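Please read the structure below before turning to the comments.
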Amino acid sequence: MRSGAFASKLADPAAIEYRRSEFMGVEEHLRESVVTVLEELVASGQLPPEVRTAVFSSERPKVAEHGHVATNVAMVLARVAKVKPRDLAATIQPRLQAQPGIRQVDIAGPGFLNVWLEPQVFQAVLHEVQQLGLGYGRAPAATGERVLLEFVSANPTGPLLVSHGRGAIFGDAVGRALEASGHRVTREYYINDFGNQVRLLAESVRAAAAGKDPPEGGYGAAYVKVLAEWIKANASEALKDDAPEGLLARLCIGRMLDGIPGSDEVRGIRNTLGSMGIFFDGWYSEESLHRWGKVDAALLQLRERGVLLELEDGALAFKTSEGEDDKDRVIRKNDGRTYTYFASDIAYHGDKVGRGYERLINVLGADHHGYVARLRAALDVFGFEQQRFEVLLYQLVSLLRDGQPYKMGKRLGNLITIDEVTDEIDQAAGRKGAGADALRYYYLSRSSEQPIKLDIEIAKQQNLDNPVFYLQYGHARLCAILRRAKEVFGLEAPRFGVAHAAKLVHPDELAMLQQLGSYPRVVRDAARERAPHKTLFFLQELSQQFQSYFTRLKVERDAILPQSWQTSQPGWEATWDRDKTLARLAWVDAIRTVYAAGLWLLGISAPERMVRPSAEADGVESDDDAEPATS
RNA sequence: GCGCCCGUAGCUCAGCUGGAUAGAGCGUCGGACUUCGAAUCCGCAGGUCGCCCGUUCGAAUCGGGCCGGGCGCGCCA
């Protein structure tokens, strides 16, 4: 089951087949070669069969002098083989060197095997990328688990705030990563449209419509007044004293979700998410759980399981303390009829189980950590295996303003919404969607386990030197080369041909092919570890490699496309290596393909052109410059 | 007090299923434009990987203990 253990794969023929069909790049070429050599040594009795249990590395060394790829196999096997690492390395070395595609093998340090490969091994990556196009790196679709991914689920009693953005973006990126590794993902937003907060919103709107202050604990931000105006104009009957119970609340929630046309304050949660490329398959209403009797039904199951406890004061509790939780949790208050949110959540998760998913994933902010044990207890009652339930906690976003802690409050009227931040960046960058890209990049450039400090002012204004534009620029630049090739020289990237590929011999070109070859592994790891930031760091590195190469070519008086200093010479075409240009175009196109695939996994757009902003011209009052508090 | 997360360059962060000389961006300083897109590239400087023990050929990485910070421990959601 452990990936990396060649033994388990050899033991299972099907696993071998799977592995062979799974392209894993240059490192995997060495891994296979090592396995072949070890099998030879086992067969000839020079190594005990136990070496098959070993887990060894095959990776690109940090320094170029250590080869294209290196493995620690001799060090790992030394103990079980009862030989010194360097002696074992010496046994493996000549046989490994004889394997196809391997040019040279050195023994180094405590027993590393440093390996240099033939160019064909790298060039094969180009073939693979061309074959699969944007599907490169992705597992076959719909071969994995059926997953229910619940995220955001923010209270619809207000617009989505920048802090909600992290959960939304992280959850969406996890969903994309899971899909890329073959899982079938259903995205769901649980709407808390029931209970006290909703009632408070309705009362606050009623008060605002009458020109009064909100009730104790109510909502006082600007959007409440906008809601009140809309209700007055479009559904004033809901404000009457004899209006049906809950009508006003339903109208308010409806507007918070779908927005009020033309209003910046109430743009609608669905629209906010949609503008960031985040779409849900389901919007599950808490209120409907009650309306359809699912809460009562769930509690009946709990009662039958004997996990309910009547408290002395009339309240009803779930004996969650029999599990991991540290105390029992009340599900019906001591008035004997009011359910807590936990009652709804029990029913909701019971419903999820009933829908037959193989895996349930909840994305929650770290402040909900204490809630996990409760959910596990509930899922236990419904017979759902704990291993198939995951809670992904992301650490919180703390807001700063000009370096000082910034407290948001629903009554303070100082809410910073996602829309507000993305709008400002859109405007500064002169492109709709730039803000969403920037926010996505910012949140995905940190591990979910890392707390984030977000400075509002910098988030809104510091945008032209935002690293997201570096990535996008890299992509646009690749597109520009391909565009120019076609428009000026009538050349298009050719299909893979061995003769063309053989023209790719520049060390940087081979190194980048190696990098492209590791992309499928990055996708797999990002999905398996629920760590989309790994994809982002991969792309960052890819971009750096290319831009560095591109400048280096210039220094070396070389170029992908013929330059004016060449074409201005009469008869220049006689000395032009046209096949090399074609090979490089194919190579550029492969990089662009992986680039676009990776950006898609992050939900960041991959523009083919970027309009360069006039740097200082509109420089957002740049006199109080720099003070790089954040990022 | 208990639980989870974090502590790596001046700042923001990667690296953590143990591997060779710990990386990137921003910032500082110095270089590279005849632009296949310079929103770029190259270089210099910058580190007790919070501290202490332990595990072993080898620890930023694993285990234990401390120190410091964030969050949680509601009949709120």
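A, B, ... follow the sequence lines: proteins, then strands. Residue 1 opens every chain. Just so it is clear, the values below take in all heavy atoms, side chains as well, and ignore hydrogens, waters and symmetry mates. The structure displayed is predicted, hence computed values, not measured ones.
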*Just by distance, with hydrogens left out, do Tyr441(A) and Gln540(A) show a side-chain donor and acceptor under 3.5 Å apart?*
yes
C13(B) and C49(B): how far apart are their C1' atoms, nearest whole angstrom? 13 Å
| query | Salt-bridged, Glu28(A) to Arg31(A), with N to O below 4.0 Å? | reply | yes
Leu364(A) atom CG is separated from G3(B) atom P, nearest whole Å, by 21 Å
With sequence neighbours left out, the residues meeting side-chain hydrogen bond (donor to acceptor under 3.5 Å, both in side chains) with Ser58(A) are none
In whole angstroms, the gap separating P of G15(B) from CZ of Arg60(A) amounts to 17 Å
query = Within the side chain of Ser321(A), is there an N or O that forms a donor-acceptor pair under 3.5 Å with the backbone of Lys327(A)?
reply = no
Arg166(A) atom CZ is separated from C5(B) atom P, nearest whole Å, by 15 Å
A20(B), OP1 or OP2 - any side-chain N/O from Lys62(A) closer than 4.0 Å? yes
Note to self: Just by distance, no angles: are the side chains of Ser344(A) and His290(A) close enough, under 3.5 Å, to form a donor-acceptor pair?
What the structure shows: yes
- Query: On a whole-Å scale, what distance lies between the P atoms belonging to G69(B) and G30(B)?
  - Reply: 40 Å
Whole-Å distance, Phe151(A) CZ to A77(B) C1', equals 19 Å
| query | Does a side chain donor of either Arg60(A) or Gln515(A) reach within less than 3.5 Å of an acceptor in the other side chain? | reply | yes
The answer to which of Phe550(A) and Gly195(A) contacts RNA chain B further toward the 5' end, by nearest nucleotide, is Phe550(A)
Taking A14(B), C75(B), G19(B) as options, the one with an atom nearest any side-chain atom of Phe112(A) is G19(B)
Between U17(B) and A32(B), how many Å separate the two P atoms, rounded to a whole number? 44 Å
The nucleotide from C41(B), A20(B), C75(B) with an atom nearest the side chain of Asp313(A) is C75(B)
The nucleotide from C5(B), A14(B), C36(B) with an atom nearest the side chain of Glu449(A) is C5(B)
Q.
Strictly below 4.0 Å: does Gln395(A) bring a side-chain N or O up to OP1 or OP2 of C6(B)?
A. no
Please check if atom CD in Glu492(A) has more than 12 non-hydrogen atoms from other residues, nucleotides or ligands closer than 6.0 Å. no
Does Gln544(A) reach a base, just sugar-phosphate, or nothing at all? Heavy atoms under 4.0 Å. sugar-phosphate
Residues at least two apart in sequence or cross-chain that pass salt bridge (charged side-chain N to carboxylate O under 4.0 Å, His left out) with Asp508(A), listed by chain then number, are Arg552(A)
Worksheet item: For Ser564(A), which contact category applies under a 4.0 Å heavy-atom criterion: base, sugar-phosphate, or nothing?
Response: nothing
What pairs of nitrogen or oxygen atoms, one from the protein and one from nucleotides 43-46 of chain B, lie under 3.5 Å apart?
none

Quiz item: Does a donor on one side chain sit under 3.5 Å from an acceptor on the other, for Asn362(A) and His349(A)?
Solution: yes
Ranking C41(B), A20(B), C4(B) by distance to the side chain of Leu393(A), first place goes to C4(B)
Closest to the 5' end of RNA chain B, once Glu286(A) and Glu529(A) are matched to their nearest nucleotides, is Glu529(A)
Anything under 3.5 Å between a protein N or O and an N or O of nucleotides 72-74 of chain B, put it in a table, one pair a line.
unit_1, atom_1, unit_2, atom_2, d
G74(B), OP2, Lys327(A), NZ, 2.1

message: Would you say the rings of Tyr348(A) and Tyr284(A) are close, in the sense that their centroids are separated by under 6.0 Å?
response: yes
On a heavy-atom basis, the closest approach of Phe318(A) and Leu308(A) is CA-CD2, 4.3 Å
Does the Arg332(A) side chain pair with the main chain of Gly336(A), one donor and one acceptor, at a distance under 3.5 Å? yes
From CD of Gln545(A) across to C1' of G23(B) the rounded distance in Å is 14 Å
Per atom distances to the His533(A) side chain, the nearest of A14(B), A20(B), C75(B) is A14(B)
Writing each nucleotide of RNA chain B 5' to 3' as (, ), [, ], | or . by Watson-Crick or G-U pairing under 3.5 Å yields (((((((..((((.....[...))))..((((.......))))......(((((..]....))))))))))))....
* Asked: Do Tyr595(A) and Ser543(A) have side-chain atoms, one donor and one acceptor, less than 3.5 Å apart?
  -> yes
> Does Asp437(A) pair with Arg440(A) as a salt bridge, N-O distance under 4.0 Å?
Replying inline: no
- Message: With rounding to the closest Å, how many angstrom separate the P atoms on G43(B) and A24(B)?
- Response: 9 Å
Just to be sure I understand the rule, does Ala485(A) reach a base, reach only the sugar-phosphate, or reach nothing, if contact means heavy atoms closer than 4.0 Å?
nothing
Q.
For a quick test of reading the model: is some side-chain N or O of Gln450(A) closer than 4.0 Å to OP1 or OP2 of A14(B)?
A. yes
Which of C76(B), C41(B), U34(B) is nearest the side chain of Thr551(A)? It is C41(B)
| G3(B) and G64(B): how far apart are their P atoms, nearest whole angstrom? | 12 Å
Rounded to whole Å, NZ of Lys453(A) lies from C1' of G70(B) at a distance of 10 Å
Gln197(A) and Tyr219(A): side chain donor to acceptor below 3.5 Å: yes
message: With a 4.0 Å cutoff (strictly under), does any side-chain N or O of Tyr470(A) reach OP1 or OP2 of C41(B)?
response: yes
Q.
If I pick the C1' atom on G27(B) and the same atom on G65(B), what distance separates them, to the nearest angstrom?
A. 38 Å
Base, sugar-phosphate, or nothing: which does Asn72(A) touch, judged by heavy atoms less than 4.0 Å apart? base
From CG of Asp455(A) across to P of U12(B) the rounded distance in Å is 12 Å
Worksheet entry | Span that lies between the P atom of G46(B) and that of C5(B), in whole angstrom | 35 Å
Against the side chain of Ser548(A), the closest entry in G15(B), C36(B), C42(B) is C42(B)
Short heteroatom pairs, N/O only, protein and nucleotides 56-59 of chain B, under 3.5 Å:
none

Taking Arg521(A) first and then Asp525(A), would you say they form a salt bridge - that is, a charged N and a carboxylate O separated by under 4.0 Å? no
To the nearest angstrom, the CG-C1' distance between Leu471(A) and A24(B) comes to 12 Å
Taking C36(B), C75(B), C13(B) as options, the one with an atom nearest any side-chain atom of Val330(A) is C75(B)
Arg446(A) has its side chain closest, among G19(B), U17(B), U12(B), to U12(B)
In terms of heavy-atom contacts, Ser605(A) and Gln472(A) come closest through O-NE2, 3.0 Å
Side-chain atoms of Ser447(A) come closest, of A14(B), G19(B), A77(B), to A14(B)
**OP:** Classify the side-chain pair His506(A)/Glu556(A) by whether it contains a donor and acceptor separated by less than 3.5 Å.
**Re:** yes
Practice prompt. For G23(B) versus C42(B), give the span between their P atoms, rounded off to a whole number of Å.
Written response: 16 Å
